[in-house]
Amino acid sequence: MAKLLYRLGKGAHRHRLLVVLIWLLVLVGSGVGAFTLGGETSNSMSIPGQESTTALERIQEKFGSGETASARVVLKAPEGQKLPQHVKVITDLVADESALKGVRSTTNPLDPAAPSVNKDVDVGYSTVTYDVKPGEVTDEQRAELIKAVDKARAAGLTVEVGGTAMQETPHVGGPTEAVGVVLALVVLALTYGSLVTAGMNLLSAGIGVGIGTLGITIVSGFMDLQSTTPILASMLGLAVGIDYALFIINRYRQELRRGADVGHAVATAVGTAGSAVVTAGLTVVIALVGLAIAGIPFLTQMGVSAAATIVVSVLIAITLVPAVLSMLGRRVLTRKERAATDAAPKDRGVIRGWGGAITRNRVVALLLSVVALGIVSIPVASMDTTLIQKPPAGSTQERANQLLAQGFGEGFNGPIIVLVEGEGAAATATKAAEPIAKLSDVALVTPAQPSQDGKSAMVTVIPKSGPDSTETEQLVADLRAELSDLDGGKAYVTGATAVSVDVATSLDRALPIYLAVVVGLALVLLVLVFRSLLVPVVGVLGFLLTIGASLGATVAVFQWGWLAGAVNLDGTGPLISLTPILVIGILFGLAMDYQIFLVSRMHEAHHRGAKAIESITTGFRQAAPVVVAAALIMFSVFAGFVPAGEPTVKSIAFALAVGIFVDAFVVRMVLVPAALALLGERAWWLPKWLRWLPELDVEGTALDELSENKNKAEPVPVS
């Protein structure tokens, strides 16, 4: 692989202008395609074939509900008054709602035929139904609705708005994300000593992210994509894009300092660091595409979309980055380095001392790191998950939910729907409602609503507890048990809580299989890279501690509320159901990145004759500085999505930021070198029956024979 990538790097050097133009054309083409073909994303999370999803599909077919966006305008009368005392204001509000652009129908809370008020008649709601799907309501339409609501507020009523129509589509980019990018630029500038080189690194990563997210936008025009998909892809693409370019640029600078000409330095950087980048990128892609094992379409879309963005980042790192490096020539070095005739790489005292201290005190270092990460992992035992997302704190949606809970009870915000099918469905549903009403967490059971053909009927069950509570989740299980042998028909239980329960069950079943397949494939890849059994095993065991610490810290902050203010947390509660499997998949790929970048230099030193301890300290001294920079950059990017991130992304970004920090600075730079030092020469042991395996040559040792006669082969571009 090293020789192939060396030739690719040489080609990028020779045709540098063409390579740059091709990537710019791809970026422009992606932008044009996204503008003309792009569609909207969705906030829906469901699994085809599950009971809850099947019921929703049949309700849509039989009753025609659930397909369009709707807003729930909640009204509360002033203290001591009733809503009928404000009949004119309410009538005018409903009329204003009906006149809004895109509104299909509205309801009046005081309609005698179908009132929607509480028993005290001081809280009610008007349902505004739009003619578009959820996620397709525009900002202008939401603003017009709020303007109509303000008139009723001015008349003395308390009015708030919730519902799917008020859910804004999450966007990529913002002030806090920009802070993360600025911090990454600062780290790059300090690493290179050159703002130009740092800017080039960031720009190349930005091009990769742009192409990836624009491609996702194009795909959204042809299929429904979950709204988190482009955010996740951009977050990962930016982080790895910066890191992968960093490894290529760092190796290129090393070759220049050793006296190589620009062409050979570019090709060697791609052949050596590029090999590690391709291998590392492959582990990330395996982990992300492996999410398809769960059998959940929206999770598969997230994984494949993010993996495609990673592939683009890898391609840019091994083609565009070397082409631009060729254009910059020796300007990527500082003035002092360019003036020196033979500037050997700096032997950094702190890093050298760190590596030496770890190998000398390997038992203590190993025990301390394991114990510390074990303690941080303790909260994982109490982790709860849900798909129910709370509205932003202080928003009109949150206040609307609070008014409804006060007027109708906590369970009103998360009704459970029972669908009954069969001949005489309405009678069967009415009969079934009697035992349902006696269940412990049931506050109200509505009369059966038959379909037009009479073969289906709906019963709405209002729980006493909120939609994300364990009591409501248990009620879903109790309802299914009660209705499992229904006489005269077949019953389905659905609703937001039921969907959440079904998704969580599917994820719990899929997670062990996912871990086995992804970890197994990655172990095979790492065995090929290092030609060792124990090094990959140490790396994977260290990853388990990373996951424990990452999810443990996330539970402590998002579920227990520790340091909640530091991450601008609206309120505590269960983690989003996707968090564990996404964090495990993403962190596994990124953790193996650092394992490859760090241990490959140790393996390279050992392959060239260094003793076990010497190879660890030599490889650590060479690779640790760039791994530190890469980890700080990735941490900054992920952390930038935490303070103002949407609820789904916030906990995932936090877990990834903590995981990257722990994995780089504790696992890869303390635990792994300590464990390898304890193993000694045994670390590089490979059984005879596996020695037939091909060598991937990530370190580029096959290029040694080229180094002597290539340094003078190419003219040096303008410096």
Side-chain angles (χ1 to χ4, degrees), residues 44-67 70 113-116 118-119 127 295-296 386-388 408-509 577:
S44 174
M45 294 186 186
S46 58
I47 307 175
Q50 295 285 346
E51 178 180 337
S52 56
T53 306
T54 301
L56 289 175
E57 292 171 351
R58 297 191 180 187
I59 288 172
Q60 168 60 29
E61 178 184 344
K62 295 289 186 179
F63 298 88
S65 60
E67 180 68 18
S70 64
S116 51
N118 66 338
K119 62 181 180 180
T127 301
I296 301 175
T386 182
L387 272 186
I388 308 296
F408 297 90
E410 290 287 341
F412 192 81
N413 288 312
I416 298 173
I417 300 172
V418 176
L419 174 67
V420 176
E421 292 186 336
E423 295 295 334
T428 304
T430 300
K431 183 179 179 181
E434 296 177 7
I436 289 176
K438 297 176 182 178
L439 295 175
S440 60
D441 195 50
V442 173
L444 174 69
V445 180
T446 65
Q449 177 187 351
S451 61
Q452 288 186 349
D453 60 9
K455 295 182 179 180
S456 299
M458 260 193 326
V459 171
T460 301
V461 179
I462 305 298
K464 294 178 182 177
S465 50
D468 61 346
S469 67
T470 55
E471 291 83 1
T472 306
E473 291 178 355
Q474 183 58 47
L475 178 58
V476 170
D478 293 343
L479 284 170
R480 286 174 172 170
E482 178 69 33
L483 299 169
S484 60
D485 55 352
L486 183 65
D487 291 334
K490 181 174 176 57
Y492 302 85
V493 178
T494 188
T497 305
V499 171
S500 176
V501 168
D502 288 346
V503 170
T505 301
S506 296
L507 289 172
D508 290 343
R509 290 173 182 169
S577 298

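Each residue takes its place number in the sequence, starting with 1.
- Judged purely by atom type and a 3.5 angstrom limit, D502 uses its side chain to pair as donor or acceptor with the backbone of S52.
- Closest approach of K455 and E423 over heavy atoms only: CE-OE2, 3.6 Å.
- In this structure, L56 and V499 have side chains that are in contact, with non-hydrogen atoms separated by less than 4.5 Å.
- Considering CD of Q452 and CZ of F63, their distance stands at 9.5 Å, rounded to 0.5 Å.
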- prompt: Can L483 and I436 be said to form a side-chain contact (heavy atoms from CB on, under 4.5 Å), step by step?
  reply: CA-CA 9 Å; L483 299 169; I436 289 176; 4.2 Å; yes
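- Summarising the geometry of T472 relative to G466, their closest heavy-atom pair is OG1-O, 2.6 Å, with the distance given to 0.1 Å.
- At least one donor-acceptor pair under 3.5 Å links the side chain of T505 to the backbone N or O of V501.
- The main-chain N or O of S456 is found under 3.5 Å from a side-chain atom of S451 such that the two form a donor-acceptor pair.
- For the pair V442 and P463, the minimum side-chain heavy-atom distance is 4.5 Å or more.
- Side-chain contact of T386 with D468: a donor-acceptor pair under 3.5 Å is absent, judged by distance alone.
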query: Under the side-chain contact (heavy atoms from CB on, under 4.5 Å) criterion, do V420 and V418 qualify, and how do the steps go?
result: CA-CA 6 Å; V420 176; V418 176; 4.2 Å; yes
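- Expressed to the nearest 0.5 Å, how far OG of S577 lies from CD1 of I296 amounts to 9.0 Å.
- Rounding to the nearest 0.5 Å gives a distance of 11.0 Å between CG of D441 and CD of E410.
- Side-chain contact of T497 with S500: a donor-acceptor pair under 3.5 Å is absent, judged by distance alone.
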task: Would you please test V445 and T460 for side-chain contact (heavy atoms from CB on, under 4.5 Å) and show each step?
output: CA-CA 6 Å; V445 180; T460 301; over 6 Å; no
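- Between E57 atom CD and Q50 atom CD the span is 11.5 Å, to the nearest 0.5 Å.
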- prompt: Are E421 and K62 close enough, and set up right, to give a salt bridge (charged side-chain N to carboxylate O under 4.0 Å, His left out), and what steps lead you there?
  reply: CA-CA 10 Å; E421 292 186 336; K62 295 289 186 179; over 6 Å; no
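- Between I462 and F412 the shortest heavy-atom distance is CG2-N, 3.8 Å.
- Minimum interatomic distance between A432 and L486 (heavy atoms only, all atoms of both residues): CB-CD1, 3.8 Å.
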- request: Apply side-chain contact (heavy atoms from CB on, under 4.5 Å) to the pair L419 and R58, showing each step before the final yes or no.
  value: CA-CA 9 Å; L419 174 67; R58 297 191 180 187; 3.8 Å; yes
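- Nearest approach of G489 to T428, heavy atoms of both residues: N-CG2, 4.4 Å.
- For the atom pair CD of E471 and CG of D478, the computed distance is 11.5 Å after rounding to the nearest 0.5 Å.
- Interatomic distance, I416 CD1 to L475 CG, rounded to the nearest 0.5 Å: 4.0 Å.
- Summarising the geometry of I59 relative to I417, their closest heavy-atom pair is CD1-CG2, 3.8 Å, with the distance given to 0.1 Å.
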